[in-house]
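Have a look at the structure below, then the notes.
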Amino acid sequence: MSSTACQEPVEHSGALRFYSAVFYAGSSFVITVVNKTVLTSFRFPSYMCLGIGQMIATLVVLYAAKMSKTVQFQDFDRSIPLKIFPLPLLYVGNHITGLASTKKLSLPMFTVLRKFTILMTMVLEVYLLRKTFPKRLVYSVVAIVLGAMVAASSDLAFDVEAYSFILLNDAFTAANGVYTKKKLGTEGLGKYGVLFYNALIIVIPTLLASAVTGDLHKAITFEDWVEATFIFCFLMSCFMGFVLMYSIVLCSYYNSALTTTVVGAIKNVAVAYVGIFVGGDYLFSWTNFLGLSICMSGGLMYSYLTFIHKSSGSNAEGAQELKIRIAEDPTGKFTAN
């Protein structure tokens with residue numbers, strides 16, 4: 001048992017950790033561009049209904065996979081709501097505020113202000129998970145947030161409502177990431193159960209809220225439902241909503257909630273530059289560009305310390321620890337190390 005426990009972190013510090021992070025970064029990039037196309041280019045009026053579509057896609061894909069025995073997770077019973085709480089509330093809050101801010105902000109400013117999620121996640125991990133961070137990681141996070149503040153200071157299209165939505169989205173994302181990490185260890189749920197029951201519990205209340213507010217009516221009467229291009233983009237957004245949530249859970253499982261958040265920030269440099277050409281609502285300034293560059297530098301430093309420097313160090317330490325345990329276990333002297 002001792003050798004197994006020592007080997008597990010070494011395994012997670014290798015290819016699985018890296019590729020799960022790359023998968024999340026790619027998924028986050030694609031869905032940001034697709035959502036921006038649906039909400040801005042096509043002017044789809046209901047970000048709430050787009051979120052509902054993503055929840056339904058998650059339920060359909062996972063239920064079909066469960067029925068075909070491709071994946072396994074616990075059947076629904078009265079213990080599920082208690083096990084999953086408060087993730088459904090954080091899930092819908094993250095979805096709705098994220099889509100609302102995507103619609104109201106240019107892509108570059110959206111990605112800049114999302115950087116504050118990193119600081120919020122670090123604070124929550126310290127408070128809820130009792131984690132500690134090396135000074136170099138803290139400095140890299142400070143650099144990311146500082147760059148975000150520099151870039152935001154040049155925003156020539158300041159919108160109080162849009163900024164409120166994005167900061168709420170940051171808070172929901174941070175809380176969702178930390179609590180997801182906690183819930184992944186809950187017996188019977190696992191990665192797929194967390195995704196499925198999140199969507200199942202919240203989809204009907206969200207649908208009712210959309211109907212009461214008139215949001216659903218706007219979506220149904222949208223004139224571009226006859227356009228094949230719009231339908232393709234809408235369905236792509238729904239499917240990518242599932243892919244994104246799965247990639248977040250996967251990255252959080254093999255890494256930490258903070259690493260998942262930082263990975264999302266790193267891919268934002270590509271999104272920022274794409275935003276110059278997609279959406280048509282970006283106002284260029286050198287201050288904004290400098291802020292983005294500072295953000296990216298901090299993100300790259302965090303990545304180096306997490307995936308390269310830390311991995312090589314932990315491999316050596318893990319091998320040494322394993323050797324000591326195997327040598328000393330028969331005497332029982334060092335079983336607590």
Side-chain angles (χ1 to χ4, degrees), residues 8 11-12 15-35 38 48-96 98-99 173 176-207 231-255 257 259-260 263-264 267:
E8 186 176 1
E11 179 185 3
H12 284 187
L16 288 175
R17 293 181 64 221
F18 177 75
Y19 288 122
S20 65
V22 172
F23 177 46
Y24 166 56
S27 302
S28 182
F29 172 79
V30 172
I31 195 172
T32 300
V33 175
V34 172
N35 284 346
V38 171
M48 188 179 294
C49 286
L50 187 59
I52 292 171
Q54 293 173 355
M55 296 175 201
I56 292 174
T58 298
L59 292 173
V60 170
V61 171
L62 287 179
Y63 184 77
K66 182 177 172 64
M67 290 298 98
S68 64
K69 300 189 183 302
T70 304
V71 302
Q72 294 182 347
F73 52 88
Q74 178 181 346
D75 292 333
F76 185 83
D77 59 41
R78 285 182 290 181
S79 70
I80 291 294
L82 184 60
K83 285 182 178 181
I84 206 74
F85 186 83
L87 280 182
L89 299 179
L90 301 176
Y91 178 89
V92 71
N94 189 31
H95 259 73
I96 300 306
L99 291 171
T173 302
N176 187 66
V178 173
Y179 275 102
T180 295
K181 183 70 175 179
K182 290 187 67 175
K183 298 298 180 180
L184 284 174
T186 303
E187 183 180 357
L189 288 180
K191 298 186 292 292
Y192 303 107
V194 166
L195 285 174
F196 184 83
Y197 290 117
N198 257 338
L200 180 64
I201 291 173
I202 209 65
V203 66
I204 294 179
T206 307
L207 186 61
I231 293 175
F232 173 79
C233 290
F234 184 87
L235 293 177
M236 176 64 73
S237 175
C238 292
F239 177 72
M240 285 306 302
F242 159 71
V243 173
L244 176 65
M245 293 307 299
Y246 176 66
S247 69
I248 290 173
V249 168
L250 202 65
C251 189
S252 297
Y253 178 76
Y254 289 119
N255 297 281
T259 297
T260 301
V263 167
K267 61 88 190 175

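Numbers for residues simply follow the sequence, beginning at 1. Worth saying up front: this structure is predicted, and the values here are computed from it rather than measured.
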Check against side chain to side chain donor-acceptor pair (under 3.5 Å), Asn94 and Thr173
CA-CA 6 Å; Asn94 189 31; Thr173 302; 2.6 Å; yes
Apply side-chain contact (heavy atoms from CB on, under 4.5 Å) to the pair Leu200 and Met55, showing each step before the final yes or no.
CA-CA 8 Å; Leu200 180 64; Met55 296 175 201; over 6 Å; no
Could you walk me through whether Val243 and Phe23 pass the side-chain contact (heavy atoms from CB on, under 4.5 Å) check?
CA-CA 9 Å; Val243 173; Phe23 177 46; 3.9 Å; yes
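In this structure, SG in Cys238 is found 10.0 Å from CD1 in Ile52, a value given to the nearest 0.5 Å. For the atom pair CD1 of Ile80 and CG of Asp75, the computed distance is 8.5 Å after rounding to the nearest 0.5 Å. Rounding to the nearest 0.5 Å gives a distance of 9.5 Å between OG1 of Thr58 and CG of Leu244. From Ile248, atom CD1 reaches atom CG of Leu195 across 9.0 Å, with rounding to the nearest 0.5 Å. Note that CE of Met245 is 14.5 Å distant from NZ of Lys191, once rounded to the nearest 0.5 Å. A distance of 9.0 Å separates CE of Met240 from OG of Ser28, quoted to the nearest 0.5 Å.
Between Ser79 and Gln74, the shortest heavy-atom contact is OG-NE2, 3.5 Å. Contact detail for Ala21 and Cys251: the closest heavy-atom pair is CA-SG, 3.8 Å. Taking every heavy atom of both residues into account, Ile201 and Ile84 meet most closely at CD1-CG2, 3.4 Å. When all heavy atoms of Phe76 and Tyr197 are compared, the pair lying nearest together is N-OH, 2.9 Å. The two residues Gln54 and Ile31 come nearest to each other via the heavy atoms NE2-CD1, 3.9 Å. The heavy-atom pair separating Phe196 from Leu59 by the smallest distance is O-CD2, 3.5 Å.
For Thr259, the side-chain hydrogen bond (donor to acceptor under 3.5 Å, both in side chains) test picks out Ser256, Tyr302, with sequence neighbours left out. Annotation: ring pair (Phe, Tyr, Trp, His ring centres under 6.0 Å) contacts of Tyr179 (sequence neighbours excluded): none.
Residue-environment remark: CD1 (Ile204) stays at or below the threshold of 12 foreign heavy atoms within 6.0 Å.
No hydrogens or angles considered: a donor-acceptor pair under 3.5 Å links the side chains of Ser237 and Asn35.
Between Val203 and Ile56 the shortest side-chain heavy-atom distance falls below 4.5 Å.
In this structure, the side chain of Lys183 does not engage the main chain of Val194 through any donor-acceptor pair within 3.5 Å.
The only option from Phe242, Tyr246, Tyr253 that meets the ring pair (Phe, Tyr, Trp, His ring centres under 6.0 Å) definition with Tyr192 turns out to be Tyr246.
Geometrically, Lys66 engages Phe73 in a cation-pi contact, judged by NZ or CZ lying under 6.0 Å from the ring centre and within 45° of the ring axis.
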